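None of these values were measured; they are calculated from a predicted model. Convention: sequence-line order gives letters A, B, ...; per-chain numbering from 1.
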Amino acid sequence: MPYFYYLPEEEGDIERVKEEVTRNRKAFPKVLDVTTETKKLLGHPRQVLKITCTGSDVRSAYASELNRIFGGGRSFEQDFRLSVRYIADLMLTTSGWNECDVEKIKVEGIAVDRAYLATTVPKSIAQDDTPSLRVLAVNALTVGEKGSARPESDPLRALALLTSSGKSAILLCEGGDDAELLRGFVEFVNRSDPDLIVGFESSKVDWLYLIQRAKVCDIKLSVGRDASEPHTSVYGHISVTGRANLDLSDVAGSITEVKVKTLENVAKYLQLHSANKFKVIDEWDRFGLWNEESGRRKLLENAMGMASSCLELAQSTIDFPIQLSRLTGLPLDHVVAAAVGFRVDSYLVIQAHRIGELIPARNDQPYLTYQGALVLEPKPGLHDDVAVLDFASMYPALMKKYNLSPDTLVQPGEHVPDDSVFLIPQVDHRFRKSPDGFYRIVLAVLIRERALLAKKLGEYTADSTEFRVLRDRERALKVVTNACYGYAGWAGARWYSREVAESAAAVGRETITKTIDKARSIGLTVIYSDTDSLFVTNETASIDRLRDWAKKEFEGIEIRVERVYSRILFTEAMKRYAGLLPDGSLDKVGLEVVRGDWSEIARQVQEQVLREILLHKSPEQAVEVVRGTVRRLRSGAVPLAELTIRKTLTKPIERYKVRAPHVEVARKLMKEGWKLAVGDKVAYVIVKGPGSLFKKAKPYNQVKPDDVDIEYYLDNQVKPAAMRILEVFGVQERQLFD
DNA sequence: AAGGGCGCACTTTTGA
DNA sequence: TCAAAAGTGCGC
């Protein structure tokens with residue numbers, strides 16, 4: 001049954017409140033039971049009332065009513081969804097196994113193999129295997145005559161469907177009526193009865209379109225296991241009852257190596273077999289293709305190729321979200337859609353419940369910034385044989401070590417013995433050494449579990465199923481552990497504490513500063529440092545000494561050699577460098593070449609320059625390479641695709657205060673009927689013409705090769721990308737041009 | 001019905 | 001003409 005907690009302002013009031021809630025049936029008609037319980041509020045035991053109701057919808061109203069009558073009291077957990085309540089109370093495993101006694105029953109209208117009535121309370125059991133799940137991949141083809149397709153008037157042209165058991169269908173809309181297509185979709189889903197439904201950007205594109213079209217055609221999109229229709233739910237995802245509907249672009253979002261996150265790019269990066277079976281075809285090219293036979297065939301083949309890639313992507317990546325779901329207690333479809341902060345939040349809620357803590361509501365606090373990490377100015381130039389040392393999980397380790405937590409924070413002015421607290425340098429916050437704070441309790445569990453898993457991993461070979469399960473579980477633990485620091489500093493967090501985050505950053509700075517000083521004092525050259533890492537000359541004896549020193553000095557926080565560069569190049573800029581790894585590959589950090597907002601031609605030329613420099617130490621050759629690119633550009637031989645610049649719309653178009661090129665292009669496209677939303681990338685090319693740059697930016701598909709402003713690309717793309725590196729070697733700009 | 005933190009580099013626009 | 005502000009995307 002739904003319940004919430006009420007903590008009166010004065011402890012003595014508890015009986016009075018209890019009496020009121022029990023007797024006043026007029027104000028609290030749906031109260032079922034009231035009991036007194038001992039819970040903890042930030043570690044302090046408190047007597048609270050547990051008020052059980054007959055409906056979940058009245059809890060918030062009753063909580064406010066109590067506040068109105070008694071004033072000053074606080075209520076807790078009145079906004080919990082019942083499903084969350086159930087999972088937390090029974091400590092059930094999400095996306096895992098739980099056990100209970102059952103009786104077989106018959107139910108109507110629910111598409112399941114068998115139905116049982118639980119006769120005992122379910123209990124989580126230690127069983128790790130994942131059953132094989134039926135997967136359905138969906139890809140919708142929309143075509144708009146002028147601009148983006150509009151669900152109010154444009155029918156859904158086709159729908160590619162493919163299941164893990166190999167059934168496939170392309171549902172086509174002939175003429176203007178897609179009602180038959182929609183009915184076919186509902187039938188296909190129900191016949192194949194998938195556990196997972198997957199797509200790419202499906203919550204933003206495919207489902208929205210399907211739902212809208214179903215409304216227009218007055219068709220019930222009964223694809224849930226209870227024949228219900230899809231509905232929008234938390235974290236902006238689309239929920240299908242009884243099935244997990246996953247938008248795989250959420251999974252792809254965490255792959256930082258892929259800059260433009262199209263299905264095509266993700267599939268290629270992951271080397272999926274299906275990667276070459278399709279190409280993402282831009283919206284504006286579709287209308288032309290759709291209206292001629294070979295084009296239409298291509299579009300349909302492509303749609304099926306995308307569905308097959310979605311299926312493969314789901315099968316190859318689903319294990320990690322499953323482990324993340326188990327760890328955080330969020331259902332699979334929620335955990336995929338939820339941002340990092342909400343994953344941590346859910347994990348903490350369950351842990352808090354486990355130790356009897358009252359769970360505060362999420363409420364947006366006023367936002368205060370604080371000083372963060374330390375970055376050292378690099379020593380510019382080429383360096384041979386450089387080791388990168390770093391502290392493993394520095395912030396969580398420090399939060400645990402110094403017991404940084406809202407419940408251990410000593411208020412300013414509060415008198416406590418100096419030796420009973422950790423005094424944090426620079427920021428002067430104090431934290432009690434005991435008892436263990438909430439973050440310490442939670443982080444200790446996370447860190448211990450992870451160490452255990454790492455050990456267990458060694459017992460299996462890398463190709464075994466067990467290994468993969470354990471590795472994904474370890475990754476889930478890592479993600480949640482490392483996000484705790486950011487979570488603590490997030491104003492929307494339930495356990496938000498600027499002091500905690502600020503202190504973690506401060507002890508982080510202290511730790512790395514001490515280590516830098518020590519490294520220098522024992523003769524290591526420190527070339528660069530950022531947050532928790534140290535780039536030093538690779539002298540193993542001294543590094544071992546530093547490691548031993550750190551082990552003693554920081555007890556429990558270890559330095560490891562993360563990697564060694566045979567050769568590394570720094571400019572004067574922080575957070576930007578490139579290194580040569582022993583296997584001959586280049587590691588590029590922060591430079592234009594890894595940024596998504598530079599043209600391909602600029603990135604290419606920088607990559608080539610870096611190669612010449614790092615592999616052959618030859619600025620002269622590098623200059624030749626750039627000159628070659630300059631000639632190619634001038635001759636008009638560089639295709640438009642390499643000149644396209646992409647920038648993201650980070651807010652609604654009307655909120656922009658500045659006429660930036662990508663914003664202007666977005667405005668133009670929207671006027672022409674294209675749909676653009678926050679998060680979309682705008683692709684443009686700079687063309688010849690007078691005036692500011694924003695006047696010369698054109699949508700890349702509307703540009704003819706002769707229009708391109710080659711001078712812009714020479715001066716503002718190729719030159720800066722190349723000179724960023726070459727200026728370190730004294731190369732002059734004019735050497736790049738004739 | 002939502003999206004962890006700060007530090008830094010860099011381009012382009014804006015406004016004096 | 002120039003510094004500040006806006007905007008983006010990166011590193012950790």
(request) Assign a letter to each nucleotide of nucleotides 5-12 of chain C from its 5' end: B, base within under 4.0 Å of a protein heavy atom; S, sugar-phosphate only; -, no contact. (result) -SSBBSBS
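- Ion pair A:Asp390/A:Arg560 flagged as a salt bridge, since at least one NZ, NE, NH1 or NH2 atom sits closer than 4.0 Å to an Asp/Glu carboxylate oxygen.
- Note on A:Asp345: nothing from the nucleic acid sits closer than 4.0 angstrom, heavy atoms only.
- Annotation: cation-pi geometry satisfied between A:Lys651 and A:Tyr656 (NZ/CZ under 6.0 angstrom from ring centroid, within 45° of ring axis).
- Under 4.0 Å is where a charged nitrogen must lie from a carboxylate oxygen, and between A:Lys204 and A:Asp247 no such pair does.
- With respect to the salt-bridge test (charged N to carboxylate O, under 4.0 angstrom), the residues A:Arg576 and A:Glu592 qualify.
- Electrostatic pairing of A:Glu474 and A:Arg450 counts as a salt bridge here, judged by a charged N lying under 4.0 Å from a carboxylate O.
- Checking B:dG5, B:dT13, B:dT11 against every side-chain atom of A:Tyr485, the shortest atom distance belongs to B:dG5.
- Taking a 6.0 Å sphere around CD of A:Glu572, one finds it holds 12 or fewer heavy atoms contributed by other residues, nucleotides or ligands.
- Heavy atoms of A:Ala373 sit under 4.0 angstrom from primed sugar atoms or phosphate atoms, though from no base atom.
- Counting any heavy atom pair closer than 4.0 Å across all strands shown, A:Gly372 reaches sugar-phosphate atoms only and no base atom.
- Residue A:Phe391 is classed as having no contact, given no heavy-atom separation below 4.0 Å to the nucleic acid.
- Here A:Tyr235 lies in heavy-atom contact (under 4.0 Å) with a base.
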